[in-house]
2 protein chains.
Amino acid sequence: MSRSTFSSELDSFDLAILRILQNDSTTPQREVGEQVNLSAPSVQRRIKRMQRDGVIAVQAAIVDPARVGLPLTIIVEIELKAETGGKIDEIKETFLEAPEIQQCYYVTGEVDFVLIVIVSDMAEYEDLTQRLFFSNHNIRKFKTFVTMDRTKTNTSLNI
Amino acid sequence: MSRSTFSSELDSFDLAILRILQNDSTTPQREVGEQVNLSAPSVQRRIKRMQRDGVIAVQAAIVDPARVGLPLTIIVEIELKAETGGKIDEIKETFLEAPEIQQCYYVTGEVDFVLIVIVSDMAEYEDLTQRLFFSNHNIRKFKTFVTMDRTKTNTSLNI
DNA sequence: ATCTCTCGTGCAAGTTTGTTTCGTTGATTG
DNA sequence: CAATCAACGAAACAAACTTGCACGAGAGAT
């Protein structure tokens with residue numbers, strides 16, 4: 001089995017390694033190697049390359065928000081004003097800077113952005129809406145969905 | 001500084017450790033210790049406990065979906081039929097089992113579920129809608145938002 | 001076909017990190 | 001005040017990571 005000439009291409013070994021690490025990144029390289037039939041150094045070189053190339057974005061500890069005082073997950077749909085053309089990047093930047101906004105998607109359809117916000121209580125969310133939504137003249141309106149249950153919050157992909 | 005008598009409570013050391021690990025879980029315990037003013041064994045004991053107690057859900061490699069052949073992120077809003085009361089758990093189970101569904105939130109408001117789906121192309125998404133949405137008689141309707149840009153897909157919390 | 005260049009590999013040695021042990025300290029309680 | 005308990009750090013130890021090196025397979029050129 002051989003690697004493509006493009007360094008950014010992944011072969012079946014790389015995918016097998018990713019399948020393991022996206023479920024548990026603490027798995028020792030030796031054990032990963034055993035599962036994919038590769039030596040530990042080889043596994044390490046592949047991981048290093050995938051980190052360098054951005055295939056692996058980060059290795060992170062995923063924290064349960066309810067256990068650190070952030071029991072409220074809120075999904076927000078944002079609709080911009082029609083004439084808001086060149087200000088998209090500006091709005092994205094605003095959302096990127098807000099630590100309460102965990103995820104932000106720029107979407108097609110009836111709305112323009114979908115946000116996932118994680119806060120400690122409704123007061124904090126109200127404060128956020130004042131700072132980021134009501135005071136932003138490019139936002140026509142927004143809709144709030146309070147989540148009752150975080151049924152599934154995976155980080156792994158179907159690879 | 002002391003720990004509460006409840007083993008599941010977190011003190012400021014624990015939070016400091018989490019702040020580091022949720023951004024980079026490969027940080028050596030020794031280095032974490034230096035940053036929070038604790039010895040490496042102490043850091044380790046706290047990490048172990050937080051893993052055991054579920055404060056740290058998993059440590060995972062976060063993979064860029066576009067780099068592994070999954071360039072399409074789709075957000076789906078699902079509205080159930082009114083009489084669908086006791087079948088919520090059944091529907092949740094369906095979503096939990098589907099590997100293309102990365103996230104699922106059960107929400108209040110105009111819709112009942114918000115899903116984040118990651119697939120390779122529209123054909124795969126259409127297939128998913130047939131299998132999970134159209135064939136499910138508890139679903140009244142669903143709305144699809146195709147994302148143009150994954151502006152922010154953090155896993156870290158504002159702690 | 002043969003040569004050569006490149007790339008990835010495994011092994012082994014060396015380095016760093018993670019883990020366990022053990023004695024001490026400080027706070028709490030009887 | 002003594003006993004108890006929980007958490008700590010230093011040191012010893014085990015495991016994992018990292019690096020250097022030589023080998024072998026595949027690609028391209030002659």
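Lettering follows sequence order; numbering is per chain, from 1.
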Self-check item: Nearest-Å distance for atom pair CD/C1', residues B:E34 and C:dT16
Solution: 13 Å
Quiz item: Which residues satisfy the side chain to side chain contact (heavy atoms under 4.5 Å, CB included) test with A:D24, sequence neighbours excluded?
Solution: A:T26, A:T27
Quiz item: Listed by chain and number, what are the salt bridge (charged side-chain N to carboxylate O under 4.0 Å, His left out) partners of B:K87, not counting sequence neighbours?
Solution: none
Exercise. Among residues two or more places apart or on two chains, list those pairs meeting salt bridge (Lys or Arg N to Asp or Glu O under 4.0 Å) that have a residue in residues 96-120 of chain A.
Key: A:E100-A:R131, A:E110-B:K143
Quiz item: ring-ring contact (aromatic ring centres under 6.0 Å, His included) with A:Y125: which residues, sequence neighbours excluded?
Solution: none
Quiz item: Among pairs that include at least one residue of residues 27-79 of chain B, which meet ring pair (Phe, Tyr, Trp, His ring centres under 6.0 Å), considering only residues two or more places apart or in two chains?
Solution: none
Quiz item: Hydrophobic clusters join Ile, Leu, Val, Met, Phe, Trp and Tyr when side-chain heavy atoms are under 4.5 Å apart, directly or via other members; which others share one with A:F145?
Solution: A:I75, A:Y105, A:V107, A:V111, A:V114, A:I116, B:I75, B:Y105, B:V107, B:V111, B:V114, B:I116, B:F145
Practice problem: Identify, residue by residue, the members of residues 17-33 of chain B with a heavy atom below 4.0 Å from DNA chain C, and return them in order of residue number, or none. | Solution: B:P28, B:Q29, B:R30
Self-check item: End axis versus end axis in the helix from C:dA1-D:dT30 to C:dG30-D:dC1, the angle rounded to 10°, five pairs used at each terminus
Solution: 30°
Quiz prompt | Residue pairs, two or more places apart or on separate chains, that pass salt bridge (Lys or Arg N to Asp or Glu O under 4.0 Å) and touch residues 116-126 of chain B | solution = none
Do any N or O atoms of the protein come closer than 3.5 Å to N or O atoms of nucleotides 10-13 of chain C, and which pairs are they?
unit_1: C:dG10; atom_1: OP1; unit_2: A:S39; atom_2: N; d: 3.3
unit_1: C:dG10; atom_1: OP2; unit_2: A:S39; atom_2: N; d: 3.0
unit_1: C:dG10; atom_1: OP2; unit_2: A:S39; atom_2: OG; d: 2.4
unit_1: C:dG10; atom_1: OP2; unit_2: A:S42; atom_2: OG; d: 3.4
unit_1: C:dG10; atom_1: N7; unit_2: A:R45; atom_2: NH2; d: 3.1

Exercise. Starting from C1' on C:dT9, measure out to CZ on A:F13 and report it in whole angstrom.
Key: 10 Å
Self-check item: With A:T73 via side chain to side chain donor-acceptor pair (under 3.5 Å) - residues at least two apart
Solution: A:R150
Exercise. Return the set of residues passing side chain to side chain donor-acceptor pair (under 3.5 Å) with A:E34 (not counting sequence neighbours), or none when no residue passes.
Key: A:R30
Exercise. Dump the intermediate steps for salt bridge (Lys or Arg N to Asp or Glu O under 4.0 Å) on A:K92 and B:D149, then the final yes or no.
Key: CA-CA 10 Å; A:K92 286 183 183 177; B:D149 180 34; 2.8 Å; yes
